[in-house]
Amino acid sequence: AKTCRSTTTFANNTFYQVGISFDDVTKVGRLFVNGVEECSATFTGATTTSSLPLTLGARPVTGPSFSNYWSGGVGEVKIYSNSNPGISTI
């Protein structure tokens, strides 16, 4: 598995804009914090699907169980299936 980790030290009670992009042609995933790219990773192999549900704020494990819960709040989630030219920062 590839890893791309933020270099930001997140402070309590502070808003952060976090974005992730993935280009299925180049297989490059990118992580943005407050509009700034912090890291990228190139993945190999085919993009696959999963029977697990899309989950934000926890890591799904076998069956209906979850682990590694996010201890903060998540708001204004937007998911696009293609590039969105209306977004200028990510």
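- Listed by chain and residue number, Arg30 satisfy the side chain to side chain donor-acceptor pair (under 3.5 Å) test with Glu37 (two or more places apart in sequence, or in another chain).
- Closest of all the heavy-atom pairs between Phe15 and Asn34 is O-OD1, 4.4 Å.
- Residues Gly29 and Phe43 approach most closely at N-CE1, 3.9 Å, considering heavy atoms.
- A pairwise comparison of heavy atoms in Thr7 and Glu38 identifies N-OE1, 2.6 Å as the closest pair.
- Shortest non-hydrogen contact noted between Ser40 and Val28 is CB-CG1, 4.2 Å.
- Scanning both residues, Thr42 and Thr26, for their nearest heavy atoms gives CG2-O, 4.1 Å.
- Here Phe22 contributes atom CZ and Cys4 contributes atom SG; the two are 12.0 Å apart, rounded to the nearest 0.5 Å.
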